[in-house]
Number of protein chains: 2
Amino acid sequence: MPESTAKKPSRIQRRNRRVILDAALEVFSKHGYRGATLDQIAAEAGLSKPNILYYFNGKEDIHVTLLSQLMETWLDPLVELDPDGDPRREILDYVERKLTMSRELPRESRLFANEILQGAPRIEPELHRHLKPLFDEKCAVIAGWVSEGKLPPLDPQHLIFSIWATTQHYADFEAQAQVLLEPETDPRPRAQAHLQAMFGALLDLPAQ
Amino acid sequence: MPESTAKKPSRIQRRNRRVILDAALEVFSKHGYRGATLDQIAAEAGLSKPNILYYFNGKEDIHVTLLSQLMETWLDPLVELDPDGDPRREILDYVERKLTMSRELPRESRLFANEILQGAPRIEPELHRHLKPLFDEKCAVIAGWVSEGKLPPLDPQHLIFSIWATTQHYADFEAQAQVLLEPETDPRPRAQAHLQAMFGALLDLPAQ
DNA sequence: TTGTTTTTTTACCATTTGGTAAATCCACGA
DNA sequence: TCGTGGATTTACCAAATGGTAAAAAAACAA
């Protein structure tokens, strides 16, 4: 019973749990929680369905484990925002890291987007536990920069929302961009230029 | 057979189709296509399941009808962008209309977000037929303003993406905002100020 | 009222899907 | 080599779900 009181997991257990979670990421991010089936995950993982249920307590367990495990990766770019760095540089670099992440981890982006869209029923506790404190901390950092006159007066919370929205857009709404832009071409180089110009302009605003 | 060669639909037919589509909007926007069930829609509409299937050919028919019918409403704010207006005013007003729409029609926003996130399997033809031409047209308008020197050099396509992303964010990711901001409080007044400042700064950039 | 058409309900059905029990297989240490 | 516990498969099941057939009811035209 790998799920009971944590003994040390065997090599096989670690490998298969990883294989399953990777397959689940693929399937959940493509079809959403309800749209994904254990059979699809099993096929993607190359394992049988009962075998998957040997490693996890059920569909929801897989989903929650996946979200929890990816939360850290997902928040990493924001963690790196340095209170002691140059404010303008720090924020523009954060935009760039987020955009890079939307290119390199689009499945993770869509996984979170799906979960939030449904009202975050399974990840809400994690949001309170990990996202909220980090968000508050970094908002305070930015607010500090503003009050020190190192940045023009701006709304830290909504600035961060704008960064999330604009960068994740390229992963979450990729299907739309495929229709509207040249397909087969990554729009992110031009997106990068645009976003740097846009947030740069906001940060360069003269103090009120 | 209301579905066959279009006779004039009766009063009952018009009413019930409207009731069903409204119920479907509620359910689909909350749970996504796969997450929604005909039973839920029937309960929400106050009709029996077979009765619903009397008015529509199936679950997918309801979904496609809903998306098609809402497409016009959804694109309306962009249609209103006037080539003969003041460029800066036109774009900032468009931002405001989109933000207002995300407050007044959040279900519609989430319905589209869900569909696009899944790869737009059922709405792709509509995107090509309605969204693409409008998008190209308005991009050309903005590009014209730029080349006339009425706007600083900017990327029309990605500008529009940024407007979509930032405004719809408040409907699509409402669950996240609920965790991070004061619940029970509409963040949009402050969002409005932030977005006007941000896009205003971009549009006020000196010509290169 | 009566006959006809439209609308609604009742009673189902086949498939899908998350999940389980139990038998079997297999890796590995003694 | 053999035994034991972990890993995997086989064969299922119950509930949910999209959908249908046909009877009953309601609406409506004459």
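These numbers come from the heavy atoms of this one structure, side chains and all, not from hydrogens, waters or symmetry mates. Chain letters run A, B, ... following the sequence lines, proteins first, then strands; residues in each count from 1.
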field: Reported CG-to-CG distance for the pair L159(B) and L202(B), which is rounded to 0.5 angstrom
entry: 6.0 Å
Sidechain N-carboxylate O distance under 4.0 Å for R18(A), D22(A): no
task: State whether Q13(A) places a side-chain N or O below 4.0 Å from either non-bridging phosphate oxygen (OP1 or OP2) of dG6(D).
output: no
query: For the residue pair F161(B) and F135(B), is the inter-centroid distance of their aromatic rings smaller than 6.0 Å?
result: yes
- prompt: Taking atom P of dT20(D) as reference, at what distance in whole Å does atom CG of D39(B) sit?
  reply: 15 Å
message: Could you check whether any side-chain N or O of E115(A) sits under 3.5 Å from a backbone N or O of R122(A), counting only pairs where one atom can act as donor and the other as acceptor?
response: yes
query: Starting at the 5' end of DNA chain C, which residue's closest nucleotide do you reach first, Y33(A) or R15(B)?
result: R15(B)
query: Counting only side-chain N and O atoms of N51(A), is one of them less than 4.0 Å from OP1 or OP2 of dT9(D)?
result: yes
- request: Answer with base, sugar-phosphate or nothing: what part of the nucleic acid does L53(B) contact at a heavy-atom distance below 4.0 Å?
  value: base
field: Earlier contact from the 5' end, DNA chain D, for I12(B) and K49(B)
entry: K49(B)
- request: Report yes if at least one side-chain N or O of N16(B) is closer than 4.0 Å to OP1 or OP2 of dT8(C); otherwise report no.
  value: yes
- prompt: I41(B) has an atom CD1; how far is it from atom C1' of dG18(D), in whole Å?
  reply: 11 Å
- prompt: Roughly how many Å is it from CD1 in I62(A) to P in dG18(C), rounded to a whole number?
  reply: 10 Å
message: Using a 4.0 Å heavy-atom cut-off, does A42(A) contact any base of the nucleic acid, only the sugar-phosphate backbone, or nothing at all?
response: nothing
- prompt: Taking the side chain of P50(A) as its heavy atoms from C-beta onward, which of dG19(D), dT10(D), dG18(C) lies nearest to it?
  reply: dT10(D)
- prompt: In whole Å, what is the span from the CD1 atom of I20(B) to the P atom of dT8(C)?
  reply: 9 Å
message: Can you tell whether the side chains of D93(A) and R97(A) come within less than 4.0 Å, N to carboxylate O?
response: no
Atom-pair distance (CG on D61(A); P on dT20(C)), nearest Å: 12 Å
Value in whole Å for how far the C1' atom of dG19(D) lies from CD of Q40(B): 17 Å
message: Nearest whole Å is fine: how far is dT17(C) C1' from L38(A) CG?
response: 8 Å
Rounded distance in Å - CZ (R17(A)) to P (dA7(D)): 12 Å
query: So what does S48(A) hit on the nucleic acid, given a heavy-atom distance under 4.0 Å: a base, only sugar-phosphate, or nothing?
result: base
Presence of R34(A) side-chain N/O under 4.0 Å of dT17(D) phosphate oxygens OP1/OP2: yes
task: Considering just the side-chain nitrogens and oxygens of Y54(A), establish if one lies under 4.0 Å of OP1 or OP2 belonging to dT9(D).
output: no
